[in-house]
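As the structure is a computational prediction, the values presented were derived from the model and not from experiment.
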Amino acid sequence: MVNNSEHCRSHCPINFLLEALGDKWTLLIVRDLMFKGKKRFGEFLQSDEKIATNILAARLKKLEENHIIIKSSDPESGSMRLYQLTDKGKDLLPIMLEITDWSAKHDALTNTPPDFAERLKTDKAAIAADILAALE
């Protein structure tokens, strides 16, 4: 897939993002890669949201086609695959932090750790740097 909005319904930047990500499942996979250190197919299946295997496979494929993730062989088990964010995927970090901040502010039942939510308010740049360092 081309890295521009040529094949999108419009050239609107929000539409471009939505067409690249598509739905909640895709954002949750990015969340798991970015914040929870998940890398294997089975690890994504263990998330609280209980994604179906066929949906997970389709979303991983779409993320790969959109150059948001890359897939490689697991050195521990050649038959398994590892997924990781590309630079393009890592560029979603500020958006993901803003979504987390917004949700923590407006959802009384959020499971965002209180210390993380507080740090988001006071030192978002440091959080972003820490997360990016962990993704390397």
Side-chain angles (χ1 to χ4, degrees):
M1 179 169 280
V2 179
N3 270 335
N4 62 38
S5 61
E6 179 182 357
H7 299 290
C8 293
R9 289 183 194 98
S10 75
H11 301 294
C12 169
I14 294 171
N15 182 65
F16 177 68
L17 173 76
L18 291 173
E19 290 206 27
L21 298 179
D23 63 10
K24 71 176 185 176
W25 296 117
T26 309
L27 274 177
L28 293 172
I29 293 166
V30 171
R31 173 208 62 193
D32 285 352
L33 285 160
M34 192 172 281
F35 298 132
K36 298 186 178 210
K38 296 183 180 187
K39 296 179 181 206
R40 293 174 181 84
F41 193 91
E43 293 173 333
F44 298 116
L45 292 174
Q46 296 170 2
S47 295
D48 291 341
E49 294 82 12
K50 306 297 181 203
I51 189 170
T53 57
N54 61 323
I55 294 172
L56 176 57
R59 295 319 181 270
L60 287 168
K61 182 179 179 187
K62 182 175 184 167
L63 284 165
E64 191 174 12
E65 289 172 350
N66 281 291
H67 309 285
I68 294 170
I69 65 170
I70 56 171
K71 174 174 64 174
S72 61
S73 294
D74 186 338
E76 295 174 15
S77 170
S79 63
M80 294 179 71
R81 301 289 174 252
L82 295 177
Y83 299 92
Q84 66 186 64
L85 293 165
T86 62
D87 288 341
K88 182 178 178 180
K90 292 174 188 174
D91 284 346
L92 292 167
L93 179 58
I95 296 166
M96 299 296 283
L97 290 174
E98 289 300 326
I99 290 170
T100 302
D101 193 22
W102 181 88
S103 295
K105 180 179 178 182
H106 295 287
D107 177 14
L109 301 176
T110 187
N111 66 1
T112 302
D115 57 327
F116 187 85
E118 187 57 37
R119 193 168 169 221
L120 267 176
K121 294 177 192 171
T122 60
D123 203 359
K124 204 171 282 179
I127 289 176
D130 291 347
I131 291 169
L132 287 174
L135 291 172
E136 295 303 321

Residues Lys39, Asp74: salt bridge by 4.0 Å N-O rule: no

What closest approach, in Å, do Ile51 and Leu45 show between heavy atoms, and which atom pair accounts for it? O-CD2, 3.5 Å

Output for pair (Thr100 OG1, Asp107 CG), nearest 0.5 Å, gives 11.5 Å

Tyr83 side chain near Leu63 side chain, heavy-atom distance below 4.5 Å: no

What distance do Asp91 atom CG and Ile68 atom CD1 have between them, rounded to the nearest 0.5 Å? 10.0 Å

Quick one: are Arg59 and Leu28 in side-chain contact, heavy atoms under 4.5 Å? no

By side-chain hydrogen bond (donor to acceptor under 3.5 Å, both in side chains), which residues pair with Glu76, not counting sequence neighbours? none

Nearest 0.5 angstrom please: Asn111 CG to Phe116 CZ, how far? 11.5 Å

Decide yes or no for Lys105 and Thr110: does some side-chain heavy atom of the first lie under 4.5 Å from some side-chain heavy atom of the second? no

CD1-CD1 distance between Ile29 and Ile55, expressed to the nearest 0.5 angstrom: 9.5 Å

Return yes if a side-chain donor-acceptor contact under 3.5 Å exists between Arg81 and Ser72, otherwise no. no

Hydrophobic clusters here meaning ILVMFWY residues chained together by side-chain heavy-atom distances under 4.5 Å, can you tell me if Phe41 and Met80 are in one? no

What distance do Leu92 atom CG and Asp87 atom CG have between them, rounded to the nearest 0.5 Å? 11.5 Å

Distance-only, no hydrogens or angles: does the Lys90 side chain make a donor-acceptor pair with backbone N or O of Glu136 under 3.5 Å? no

Measure the spacing between CD of Gln84 and CG of Leu135 and express it to the nearest 0.5 Å. 9.0 Å

Below 4.5 Å, heavy atoms only, C-beta onward: do Val30 and Met96 meet side chain to side chain? yes

Are Glu64 and Ile70 packed together at the side-chain level, in the sense that at least one heavy-atom pair is separated by less than 4.5 angstrom? no

Keeping Ser47 on the side-chain end and Phe44 on the backbone end, is there a donor-acceptor pair under 3.5 Å? yes

Please report the shortest heavy-atom distance between Ile69 and Thr86, naming the atom on each side. C-CG2, 3.6 Å

Within-4.5 Å side-chain heavy-atom neighbours: Leu120 and Trp102: no

Would Asp23 and Lys62 pass as an ion pair if we require N to O under 4.0 Å? no

Where do Ser73 and Leu82 come nearest, in terms of heavy atoms and distance? O-CD1, 4.3 Å

Taking all heavy atoms of Met34 and all of Gly89, pick out the closest pair and write down the distance. CE-O, 3.6 Å

Just wondering, do Asp32 and Glu43 contact through their side chains at under 4.5 Å, heavy atoms? no

Heavy-atom pair with the smallest gap, counting every atom of Lys121 and Asp101: CG-OD1, 4.3 Å

If we only count heavy atoms from C-beta on, is the Ile131 to Phe35 side-chain gap below 4.5 Å? yes

For Lys36, which residues count as a salt bridge (charged side-chain N to carboxylate O under 4.0 Å, His left out) partner, sequence neighbours excluded? none

For Ala128 versus Leu93, what's the shortest heavy-atom pair and its separation? O-CD2, 3.5 Å

Quick one: do Glu49 and Arg31 satisfy salt bridge (Lys or Arg N to Asp or Glu O under 4.0 Å)? Show the steps, please. CA-CA 12 Å; Glu49 294 82 12; Arg31 173 208 62 193; 2.9 Å; yes

